[in-house]
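These numbers were taken from a predicted model, which means no experiment stands behind them.
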Amino acid sequence: MKEYSIFTKEEEEFRKSVQEFIKEKIKPYSKEIEQTNEIPNKIFEEIGKKYFGLPFPKKYGGSEKGVLYHCIVVEELAQVSAAVSMARNATIYSGVVINIAGTHEQKEKFLRPIAEGKTLGSICITEPQVGSDAARMETKAVLEGDEWVINGKKRFITNGGLGQHVLWAITNSNASRPQKGMSAFIIPKGTPGLTVEKRFDLMGMRGVHNVKLDLKDVRVPKENLLGNLNEGFNILMKMFVTERATATAEATGLMLGAIKTAKEYAKQRVQFDRPVSKFQAIRHMVADMVTNCYAARLMLYHLCKDIDAGKNPFKEAAMAKLFAASNGIQICLNAIQICGGDGYTKDYPVERYLRDMKLMQIGGGTDQIQRLIIAREELGR
């Protein structure tokens with residue numbers, strides 16, 4: 001698909017280098033990941049050293065390339081293995097929170113290992129009874145002497161148990177609003193009391209380690225509080241901007257993969273003595289697919305530039321994610337339709353793109369929540 005000058009020369013050169021890396025280091029394992037539902041550790045070792053540190057300061061081991069370069073990697077990874085991309089993304093999110101709210105000591109201790117690709121990370125928000133209404137979480141943290149004692153459960157946690165965790169808990173149950181009684185904490189890997197209760201068998205994103213966590217009297221030093229006490233909700237909202245930009249990039253990457261597969265198939269598949277790409281019905285489907293993909297990518301990279309400029313485009317992040325996710329589903333459905341019966345088999349990646357794409361309408365805030373945010377920003381509460 002032609003780029004239409006979305007990227008500068010430097011960004012385009014970076015994108016091509018990412019493509020070469022993925023072709024050599026990730027693509028040979030994409031089918032294995034899908035079939036075994038596991039991502040080999042050597043993949044994280046390879047990708048961590050090169051691409052975990054993109055959005056983070058050089059001072060803490062990063063490369064200060066920003067969210068735009070991060071999303072270029074996401075977009076390219078999603079076309080080959082959205083699962084690898086998702087595991088990387090969860091690590092980036094945890095680093096983003098530490099970068100937003102952490103002290104120098106916290107960044108040196110916990111952000112640097114992420115930026116240098118030495119650990120995975122996770123963000124722990126969702127609970128068995130709490131999803132979109134994150135402020136009403138039930139996990140609680142109580143200060144006892146010099147330690148925070150945390151009890152509760154978290155679910156749908158990508159990389160849970162595999163690295164360090166950034167976790168939100170209620171620290172003031174008597175706050176006037178739930179949003180005013182939430183705080184964020186860093187919980188290192190292997191902390192006693194933190195256990196993986198189960199791993200979820202997902203519809204898509206095969207290979208991702210997505211789990212339910214149980215926290216029983218988990219103790220962390222009081223220095224592991226991120227930001228100010230009871231201001232965790234504000235930190236979460238800031239993180240969501242990067243998360244939604246990332247989800248948009250995941251969706252556009254899946255779109256690009258679906259479009260490429262559908263176009264190649266349409267040119268090769270012959271019916272009625274000519275390639276099906278010659279039929280107007282197919283041509284119009286492709287026209288709609290590339291148009292919506294182009295629009296989503298323009299929204300994505302404009303959003304990334306705003307984030308990298310220090311802005312907080314909360315509404316725009318919701319708009320981009322909503323547009324990319326909803327149109328992405330239709331693009332993947334069209335790709336399957338163009339490939340016909342072959343598209344319904346695992347011989348072609350389009351069925352995987354559809355399964356992976358569906359998560360983009362759920363994770364990081366559902367389509368319905370994005371519409372709520374957009375309407376609230378436009379019309380008030």
Which residues satisfy the side chain to side chain donor-acceptor pair (under 3.5 Å) test with [X], sequence neighbours excluded?
| X | result |
| --- | --- |
| E231 | N228 |
| E108 | R112 |
| H209 | none |
| S81 | none |

Can you check whether [X] reaches [Y] side chain to side chain, under 4.5 Å on heavy atoms?
| X | Y | value |
| --- | --- | --- |
| K23 | V80 | no |
| R244 | Q370 | yes |
| N99 | K107 | yes |
| T248 | F323 | no |
| S94 | H165 | no |
| E76 | F21 | no |
| H302 | D306 | yes |
| Q330 | N292 | no |

Is there a path of hydrophobic side-chain contacts, each under 4.5 Å between heavy atoms, that joins [X] and [Y]?
| X | Y | value |
| --- | --- | --- |
| V18 | Y29 | yes |
| M237 | I373 | yes |
| I362 | I374 | no |
| I307 | M319 | no |
| Y93 | V73 | no |

Under a 4.0 Å threshold between the charged nitrogen and the carboxylate oxygen, would [Y] count as salt-bridged to [X]?
| X | Y | value |
| --- | --- | --- |
| E75 | R297 | yes |
| E38 | R199 | yes |
| R355 | E34 | yes |
| E12 | R15 | yes |

Keeping [X] on the side-chain end and [Y] on the backbone end, is there a donor-acceptor pair under 3.5 Å?
| X | Y | value |
| --- | --- | --- |
| S183 | N230 | yes |
| Q164 | F110 | yes |
| Y353 | Q79 | yes |
| K154 | W168 | yes |
| T291 | D288 | no |
| E127 | T139 | yes |
| R283 | S277 | yes |
| Q106 | T103 | yes |
| D356 | M205 | yes |
| D367 | L322 | no |

List in chain and number order the residues that pass ring pair (Phe, Tyr, Trp, His ring centres under 6.0 Å) with [X], two or more places apart in sequence or in another chain; answer none if no residue qualifies.
| X | value |
| --- | --- |
| Y301 | F7 |
| H104 | Y60 |
| Y265 | Y348 |

How close do [X] and [Y] get, counting heavy atoms only, and between which atoms?
| X | Y | result |
| --- | --- | --- |
| A83 | V208 | O-CG2, 3.4 Å |
| A90 | N159 | CB-ND2, 3.7 Å |
| C71 | C304 | SG-SG, 3.7 Å |
| F314 | E377 | CD2-OE2, 4.4 Å |
| S63 | K58 | O-CE, 3.8 Å |
| R88 | Y51 | NH2-O, 2.8 Å |

Going by the rule side-chain contact (heavy atoms from CB on, under 4.5 Å), which residues pair with [X] if we only count those two or more places apart in sequence or in a different chain?
| X | value |
| --- | --- |
| D308 | V67, L68 |
| A251 | A324, M357, M360 |
| K198 | F200, K212 |
| A335 | A258, A262, M289, V350 |

Quiz item: Can you tell which of R206, K346, K358 makes a salt bridge (Lys or Arg N to Asp or Glu O under 4.0 Å) with E351?
Solution: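 Of the listed options, the one satisfying the test is K346.
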Exercise. Would you check, one step at a time, whether the test salt bridge (charged side-chain N to carboxylate O under 4.0 Å, His left out) holds for K321 with E243?
Key: CA-CA 10 Å; K321 181 181 181 297; E243 182 177 6; over 6 Å; no
Quiz item: Which hydrophobic side chains are connected to I150, either touching it within the sub-4.5 Å cutoff or through other members that do?
Solution: L143, W148, I157, L167, F185, I187, L194, V196, V211, L213, L215, V218, V220, L225, L229
Quiz item: At what distance, to the nearest 0.5 angstrom, does CZ of F52 lie from CD1 of I47?
Solution: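 Here the rounded value is 6.5 Å.
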Quiz prompt | Rounded distance (nearest 0.5 Å) linking atom NZ of K31 with atom CD1 of I33 | solution =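 The NZ atom of K31 sits 13.0 Å away from the CD1 atom of I33.
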Quiz prompt | Among E197, Q129, E138, side chain to side chain donor-acceptor pair (under 3.5 Å) partner for K153 | solution =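 Between K153 and the candidates, side chain to side chain donor-acceptor pair (under 3.5 Å) is satisfied uniquely by E197.
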